[in-house]
Amino acid sequence: MFLGLDLGTTNVKAVLADADGRAVGRGSAQVRLLHGEGGVVEQDIEEIFTATLSAIMAAGAGAELSRVRAIGVSSQGGSLQMLDGRGRPVGRTISWLDRRGGPYDDAVTREITPQELARRTGHPRACMAMGQLLRLRAEHPELLAPPNRVGFVGDVIVERLCGRRAHDGTSLSCAVLFDPSGRMVDKGLLERVGIDEEQLPVLISPRAPAGLLREDVAKRTGLPAAIPVTPAVHDQYASALGAGAVAAGDVMFGAGTAWVLLAVSDHLTAPIAGVGFSCTHLVEGLYGQIISMTNGGSAVAWVLKALRLDGRTAGEIDTLLASAGAGSDGLRCLPFLAGGGAGLATEAAGRLVGLRLSHTPAHLLRAVVEGLVMELRRYLRMCVDAGVSVDRLAMCGGAAAGSVTPQIVADATGLPVACAAETDTAALGAAMLARGLLEPTASPADIVEEMSPAARSFEPGPYGPLYERMFLEYVASLPVERKPS
């Protein structure tokens, strides 16, 4: 068996998978976000490690942890943890959600320019850990001075597991310090934030072990000692493995609170629409570009709550969506409840158009879903316009549990949709990486294929022409961003 860990922002998840990818045990444990004034969002690394051990032991409640042969680690990206010279935490973890680094990100983006940042790092702007490092340099320069070290959640937990702080390029990319074309640290940017490369975690391939499981962790959890542990990888890229997006033209579509795309290509591409960011894929020779759509499942949660339909099962939501019919009887929705999307005016807001007395709660729900899918198609068109092939959608997240939303996606985009059978795709992807440590000559894509539970497939149906007309109307109605004169 193989153990996959997903160190998420609010939950740590563990999945025990066999060689066929079947989950034989799973566990999770919550971690807190600690909010403060001025945009402070922090976490406690000790709590995250305790949650990691708890999730592992919960996963082992129905399976034998003594049979685990390797461990894979997927992690939230960009959350910063300073360490002293002995590797002990200095202060709390600064979450990637923390806003205090924003002004520093804006300043360095203006100085370097989005074009140069994109060329060097795959990011069109500084964000997350970079701004925080610049802030610490200005406010607490002693924190960045050697022998102190710069850590991130994933590599700190990896060190707790195997004694060596290690991560890969997908993790370092979240600090906007990784050069994906050279697959190395950007030393010029490292100098700008005021740290040495030796202060960072070791940067290694996800196919190489970070180390072997420590004896004390083995005793606490029931895992075998000295089994290999992977370096920490970015959770979205681990999800791409778990969802089966491992070929050029695949697009992982994470249909969660915020809908997220990870477009897979055989070449490094510039950031799409000024919002995506590019990096190496976990499969050698491939690259991925992550694009957050801003809006997504949060809009569906809003309409369900407003209609007092929250708490419904995926089957009940399917029944409601199906009863409304394609096109929602003329009701249309601009789904910008969390803000506008790429290329749209910053003041873009949600809107319902064509509302009539004959419309039911089911029509309202379906109109929101169809509006989101129109926005999804707009983002996919941006990918194609940027030279990124889009051949298939590998769908995961909450909306992938149903049948009607995936069919709407297939109909409206004209693309086949494969819904991942495993809900914890990042943890499954980490388990796939764990297996790769024991089979170094095996193709990662072959391991993914062997460990992917059978996905539910949806092909485009007869409503394509209707959705084509709706998409053209949708695009024509959008509040386009005004260019400065």
Side-chain angles (χ1 to χ4, degrees), residues 2 4-6 15 17 19-21 70-75 77 122 154 166-174 178-184 203-210 228 230-254 260-269 272 276-291 383 387-396 418 420 422 424-453 455:
F2 307 97
L5 298 175
D6 176 26
V15 167
D20 296 324
I71 301 171
V73 181
S74 153
S75 179
H167 66 168
D168 85 321
T170 65
S171 170
L172 185 59
S173 177
C174 291
F178 181 67
D179 170 10
S181 60
R183 297 173 181 263
M184 63 180 70
L203 185 66
I204 62 175
S205 164
R207 302 299 307 277
T230 71
V233 303
H234 189 305
D235 53 8
Q236 293 292 349
Y237 281 90
S239 282
L241 295 186
V246 291
D250 286 348
V251 178
M252 185 198 77
F253 166 35
V260 177
L261 304 177
L262 193 154
V264 183
S265 178
D266 58 6
H267 60 285
L268 188 62
T269 54
I272 293 170
F277 74 86
S278 301
C279 192
T280 50
H281 196 285
L282 295 173
V283 175
E284 188 71 26
L286 294 179
Y287 298 85
Q289 179 148 182
I290 298 176
I291 313 167
C383 293
V388 177
S389 297
V390 176
D391 302 325
R392 183 182 77 101
L393 294 177
M395 187 172 174
C396 56
E422 173 57 54
D424 297 326
T425 49
L428 176 60
M432 292 170 173
L433 289 174
R435 177 177 165 183
L437 296 181
L438 301 180
E439 302 176 24
T441 62
S443 162
D446 288 344
I447 291 175
V448 168
E449 183 177 358
E450 291 176 16
M451 291 185 69
S452 294

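In this chain, numbering begins with 1 at the start of the sequence shown.
- When every heavy atom of C383 is checked against every heavy atom of I291, the shortest pair comes out as SG-CD1, 3.7 Å.
- Taking CG from D250 and OG from S389, the interatomic distance works out to 10.5 Å, rounded to the nearest 0.5 Å.
- Across every non-hydrogen atom of C279 and G169, the tightest pair is SG-O, 3.7 Å.
- The shortest distance between side-chain heavy atoms of L437 and F2 does not fall below 4.5 Å.
- Scanning for ring-ring contact (aromatic ring centres under 6.0 Å, His included) contacts around F277 gives H123, with sequence neighbours left out.
- One distance of note links CG of D235 with CG of L5; it measures 12.5 Å at 0.5 Å rounding.
- Judged by distance alone, the side chain of D424 and the main-chain N or O of A427 form no donor-acceptor pair under 3.5 Å.
- Side-chain contact check for R183 versus S205: every heavy-atom pair is 4.5 Å or farther apart.
- Contact annotation: the side chain of V73 never approaches that of H167 to less than 4.5 Å [non-hydrogen atoms, C-beta and beyond].
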message: Does M432 form a side chain to side chain contact (heavy atoms under 4.5 Å, CB included) with S452? I'd like the steps, not just the answer.
response: CA-CA 9 Å; M432 292 170 173; S452 294; 3.7 Å; yes
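- Counting non-hydrogen atoms of neighbouring residues, nucleotides and ligands closer than 6.0 angstrom, the CD atom of E439 exceeds 12 such neighbours.
- Between H234 and I290, some side-chain heavy-atom pair lies under the 4.5 Å cut-off.
- Residues P206 and Y237 fail the side-chain proximity criterion, which asks for heavy atoms closer than 4.5 Å.
- Not a single donor-acceptor pair under 3.5 Å links the side chain of H281 to the backbone N or O of A248.
- M252 and A243 make their closest contact through CG-CB, 4.1 Å (heavy atoms, listed as atom of the first residue, atom of the second, distance).
- Under a 4.0 Å N-O distance rule, the pair E284/R207 does not qualify as a salt bridge.
- At least one side-chain heavy atom of S278 sits under 4.5 Å from a side-chain heavy atom of T269.
- Taking the side chain to side chain contact (heavy atoms under 4.5 Å, CB included) definition, one finds that A430 meets it with S74, sequence neighbours left out.
- Annotation for F178 and T280: closest pair CE2-OG1, 3.9 Å, computed over non-hydrogen atoms.
- A side-chain N or O of T170 and one of D168 form a donor-acceptor pair less than 3.5 Å apart.
- Atom NE2 of H267 and atom OG of S181 lie 13.5 Å apart (nearest 0.5 Å).
- Side-chain contact between L282 and L433 is present, with heavy atoms from C-beta onward closer than 4.5 Å.
- When each of T425, V283, L428 is tested with L241 by the rule side chain to side chain contact (heavy atoms under 4.5 Å, CB included), just one qualifies, namely V283.
- What you find for P228 and L438 is that their closest heavy atoms are CG-CD2, 3.9 Å.
- No donor-acceptor pair closer than 3.5 Å links the side chain of R392 to the backbone N or O of G249.
- Heavy-atom minimum distance, P209 versus I204: O-CD1, 3.8 Å.
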